[in-house]
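Here is the structure we will look at.
In this chain, numbering begins with 1 at the start of the sequence shown.
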Amino acid sequence: MECKPLILFLFLCLFINRAKLSIHPTNEVNLLDSKASQGELGWISYPSHGWEEISGVDEHYTPIRTFQVCNVMEYSQNNWLRTNWIPRNSAQKIYVELKFTLRDCNSIPMVLGTCKETFNLHYLETDEDQGSKFNEHQFSKIDTIAADESFTQMDLGDRILKLNTEVREVGPITRKGFYLAFQDVGACVALVSVRVYFKKCPFTVRNLAMFPDTVPMDSQSLVEVRGSCVNNSREEDPPKMYCSTEGEWLVPIGKCLCNTGFEERGTACQGIAIIFKNHSEHHCHS
């Protein structure tokens, strides 16, 4: 496998310690996942000699598109990278998950104080895609992102890059969509992946009542949701649950009961005659 070196000895052939394949929780809905892209992401880099899009592999050796920047030899760096427009769907609060590697400035010779070890995350809400138009002054800062672990020349020799994961909340989002932007001020950093998602309370059945997918409201701690009884059942007490801002169902109240001639089996009401017939057939074949 041929590795393409990142400027100033940062490699994007990520021979990271093996980790278990991450499976996202069922209450998370992706709006953007850069690792899922099969081709160029086409994000805007300003100025053009700042962030660079390259091909690489992740810790599971899956091909991915990533961005790198390493202009650490000159003062006053201000390199911006903007995503494509991201429709928010029904989300009010969004989460931004960043996976990145960052070079320890002390391990780079002759940088004379020009090297930084942080970058900035920004966002801009808009009602429509603004195409290639870009104005950094329209963006609002979310946070300064720092690495828990930076890597050195010794790590490169061992082909181990220390992957950092940071998650930030943004909201409430009120426009139809938004952009994210990453501002480099002189770091040697590679954005391995960017994932943007929101949380929902997923469809569930509780006490024989069905509760639909529900997106929590950012302005409320809990959203009351009325359940509907499963087939062949009726309300005894009106079934309700509450959807939290973290996408969790809480405080089930009320329930449904199976109609006459039906019996509760798991999350459904099944005819008693059918249950008896199946039970008899099982004994006949045993």
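Contact annotation: the side chain of P202 approaches that of T26 to within less than 4.5 Å [non-hydrogen atoms, C-beta and beyond]. Here the side chains of E53 and E40 are in contact, with some heavy-atom distance below 4.5 Å. Using a 4.5 Å heavy-atom cutoff, the side chains of Y179 and F134 are not in contact. Here the side chains of W43 and V194 are in contact, with some heavy-atom distance below 4.5 Å. The side-chain heavy atoms of L257 and S233, taken from C-beta on, include no pair separated by under 4.5 Å. Inter-residue side-chain proximity for F67 and V192 is flagged as unmet; no heavy-atom pair is nearer than 4.5 Å.
Judged by distance alone, the side chain of S37 and the main-chain N or O of L41 form no donor-acceptor pair under 3.5 Å. Side-chain atoms of N135 come within 3.5 Å of backbone N or O of H137 as a donor-acceptor pair. For T118 (side chain) and I145 (main-chain N/O), no donor-acceptor pair under 3.5 Å exists by modelled atom type. Distance alone, capped at 3.5 Å, is enough to place a donor-acceptor pair between the D104 side chain and the N106 backbone. No donor-acceptor distance shorter than 3.5 angstrom exists from the side chain of R206 to the backbone of M210, with no hydrogens or angles considered.
Salt bridge annotation for R234-E236: absent, with no cationic side-chain nitrogen under 4.0 angstrom from a carboxylate oxygen.
Residues passing the side-chain hydrogen bond (donor to acceptor under 3.5 Å, both in side chains) test with D213, sequence neighbours excluded: K200. T165 pairs by the side-chain hydrogen bond (donor to acceptor under 3.5 Å, both in side chains) definition with K99, not counting sequence neighbours. A search for side-chain hydrogen bond (donor to acceptor under 3.5 Å, both in side chains) contacts involving E235 returns R226, not counting sequence neighbours. By the side-chain contact (heavy atoms from CB on, under 4.5 Å) test, I44 pairs with R82, S132, sequence neighbours left out. In terms of the salt bridge (Lys or Arg N to Asp or Glu O under 4.0 Å) criterion, residue partners of K240 (sequence neighbours excluded) are, by chain and number, E224. In terms of the side-chain hydrogen bond (donor to acceptor under 3.5 Å, both in side chains) criterion, residue partners of N79 (sequence neighbours excluded) are, by chain and number, Q77, D184. The ring-ring contact (aromatic ring centres under 6.0 Å, His included) search around F178 returns none, not counting sequence neighbours.
The list of salt bridge (Lys or Arg N to Asp or Glu O under 4.0 Å) pairs with a residue in residues 129-150, not counting sequence neighbours, reads D143-R168. Residue pairs meeting the salt bridge (Lys or Arg N to Asp or Glu O under 4.0 Å) criterion with at least one partner in residues 190-199, sequence neighbours excluded, are E28-R195, E97-R195, K199-E246. Within the structure, disulfide bond (SG atoms under 2.5 Å apart) contacts touching residues 82-111 (residues at least two apart or in different chains) are C105-C115. Annotation: ring-ring contact (aromatic ring centres under 6.0 Å, His included) contacts involving residues 98-125, sequence neighbours excluded, comprise W80-H122, F100-F119. Counting only residues at least two apart or in different chains, side chain to side chain donor-acceptor pair (under 3.5 Å) contacts with residues 249-259 are absent.
Cluster annotation: V170 is connected to L191 through the hydrophobic network of ILVMFWY side chains, with a link wherever side-chain heavy atoms come within less than 4.5 Å.
Minimum heavy-atom separation, T126 to Q130: CG2-NE2, 3.3 Å. Of all heavy-atom pairs between K176 and D127, the closest is N-OD1, 3.1 Å.
Checked against the 6.0 Å centroid threshold, F211 and Y242 do not count as a close aromatic pair.
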